[in-house]
Structure formats: structure tokens, C-alpha cells
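Heads up: the structure comes next, in C-alpha cells.
Small disclaimer: the values here were computed from a predicted structure and weren't measured.
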Amino acid sequence: MNKDWVQSGKVRARITEMGALEVRCHGLTTQAKYYKTLLKEFFRKDFPPLRPGFGDYSVHIVMEYTGEPPWMDLDNLAKALLDSLTGNVFDDDHQVARLLVERRVGEREGIWLSAEAMD
């Protein structure tokens, strides 16, 4: 497994030692659909090809912000990010059996997510 970060523009990703996909996007926008396009392009052009898995997945998404929290619906953010993982991590987002989406104050604005197969 590749434990090194692959980076292109505002996105970087890696496969952890435990086999989870970890993704970070720097910067925030209130347009959740932006992330779907950004990540789909990243997976298509820059990240080593992934074979979509079958079975259940656990996904954890964190939106980190500085100052006032942005006006962004977390459910829309989650949908955009799950759509970007479809065909790359899992075959269909109905495979997500556990989903945690949160926002919190951070040192740097951006999105972090982790997706891993459940046993």
C-alpha cells in the first residue's frame, strides 16, 4: 500500500497502513458541488487507480474552519464527497453503512475525509 501523500493543487490523498483512503482538501467554499468535481478530477488524473470495493464502508468527513463557521449544509457536503468516492472507493454510495460528518474549528480551513471497508 502507498503510505505517501499524492498531491495535486489543493488536494492530497494517501492509502494508510490500515488500507483506508485519507483525503485532504485545502480551503473552503460554500459550494459543496465544487468538491465533487475537484475530487473526481484528482482521482481520474493524479491518484493511482483504485479498484472499487464491495461490501460496507465507514466514512468520516470533517470540515475545518477558522473564524466564523461558513454557511454550508453538512448534508450537501457529505453527498458531494460521497459522489466523488463512487467508482473510486466503492461501487455505489449505498455501501456506506457508517457516516460521520462534522465541522470544527481548525488551524487551517479545509476538508478531511477517511473512507475504509468495514469488516
Practice item. Give a yes or no on whether Leu113 and Val105 share a hydrophobic cluster (residues Ile, Leu, Val, Met, Phe, Trp, Tyr; joining criterion: side-chain heavy atoms under 4.5 Å apart). Key: yes
Exercise for review: Would you indicate whether Arg103, at its atom CZ, is surrounded by more than 12 heavy atoms from other residues, nucleotides or ligands within a distance under 6.0 Å?
Suggested key: no
Exercise for review: Would you check if Val23 and Phe47 make a side-chain contact, meaning some heavy-atom pair closer than 4.5 Å?
Suggested key: no
Exercise for review: Could you identify which residues cluster with Val62, counting Ile, Leu, Val, Met, Phe, Trp and Tyr as linked when any side-chain heavy atoms lie under 4.5 Å apart, either directly or through a chain of such contacts?
Suggested key: Trp112
Practice item. Consider only side-chain heavy atoms of I, L, V, M, F, W and Y, link residues closer than 4.5 Å, and tell whether Leu100 and Tyr57 are in one cluster. Key: no
Practice item. Kindly check if the number of other-residue, nucleotide or ligand heavy atoms within 6.0 Å of CD (Glu41) is above 12? Key: yes
Study note, to complete from the structure: Heavy-atom closest pair (Ala80 atom, Ala32 atom, distance to 0.1 Å) is CB-O, 3.2 Å
Check your understanding: Taking a hydrophobic cluster as the set of Ile, Leu, Val, Met, Phe, Trp and Tyr residues connected by side-chain heavy atoms closer than 4.5 Å, whether directly or through intermediates, do Leu81 and Leu74 fall within one such cluster?
Key -> yes
Review point. Counting distance only, does the side-chain N/O of Tyr35 pair as donor-acceptor with the main-chain N or O of Ile111 below 3.5 Å?
Key: no
**Study point:** Glu109 (side chain) donor-acceptor with Gly67 (main chain) under 3.5 angstrom
**Key:** no
Practice item. Could you tell me whether the side chain of Tyr34 and the main chain of Leu28 form a donor-acceptor pair under 3.5 Å? Key: no
Check your understanding: When you check the gap from the basic side-chain N to the acidic O, do Asp83 and Lys79 get nearer than 4.0 Å?
Key -> yes
Exercise for review: Give the intermediate values and the outcome of side-chain hydrogen bond (donor to acceptor under 3.5 Å, both in side chains) for residues Glu102 and His60.
Suggested key: CA-CA 8 Å; Glu102 59 184 311; His60 184 185; 2.6 Å; yes
Practice item. Please report the shortest heavy-atom distance between Arg108 and Glu64, naming the atom on each side. Key: O-CB, 3.7 Å
Check your understanding: Is Leu21 linked to Val6 within one hydrophobic cluster, defined over Ile, Leu, Val, Met, Phe, Trp and Tyr using a side-chain heavy-atom separation of less than 4.5 Å?
Key -> yes
Review point. Are any of the side-chain heavy atoms of Asp75 and Val101 separated by less than 4.5 Å?
Key: no
Check your understanding: What is the minimum heavy-atom distance between Asp91 and Thr86, and which atoms define it?
Key -> O-CG2, 3.4 Å
Study note, to complete from the structure: Distance col, row Leu77:CG vs Lys33:NZ, nearest 0.5 angstrom, shows 13.5 Å
Exercise for review: Look up atom CD1 in Ile61 and atom CG in Leu85, then write down how far apart they are to the nearest 0.5 Å.
Suggested key: 7.5 Å
Study note, to complete from the structure: When every non-hydrogen atom of Lys36 is compared with those of Ser84, the smallest separation belongs to O-CB, 3.8 Å
Point to revise | Side-chain touch Leu99/Leu82, heavy atoms, less than 4.5 angstrom | key: yes
**Study point:** Separation between OG1 of Thr37 and CZ of Phe42, rounded to the nearest 0.5 Å
**Key:** 15.0 Å
Point to revise | Arg98 CZ to Met118 CE distance, which is reported to the nearest 0.5 Å | key: 3.5 Å
Practice item. Find the distance between CZ (Arg24) and CZ (Arg12) and round it off to the nearest 0.5 Å. Key: 6.0 Å
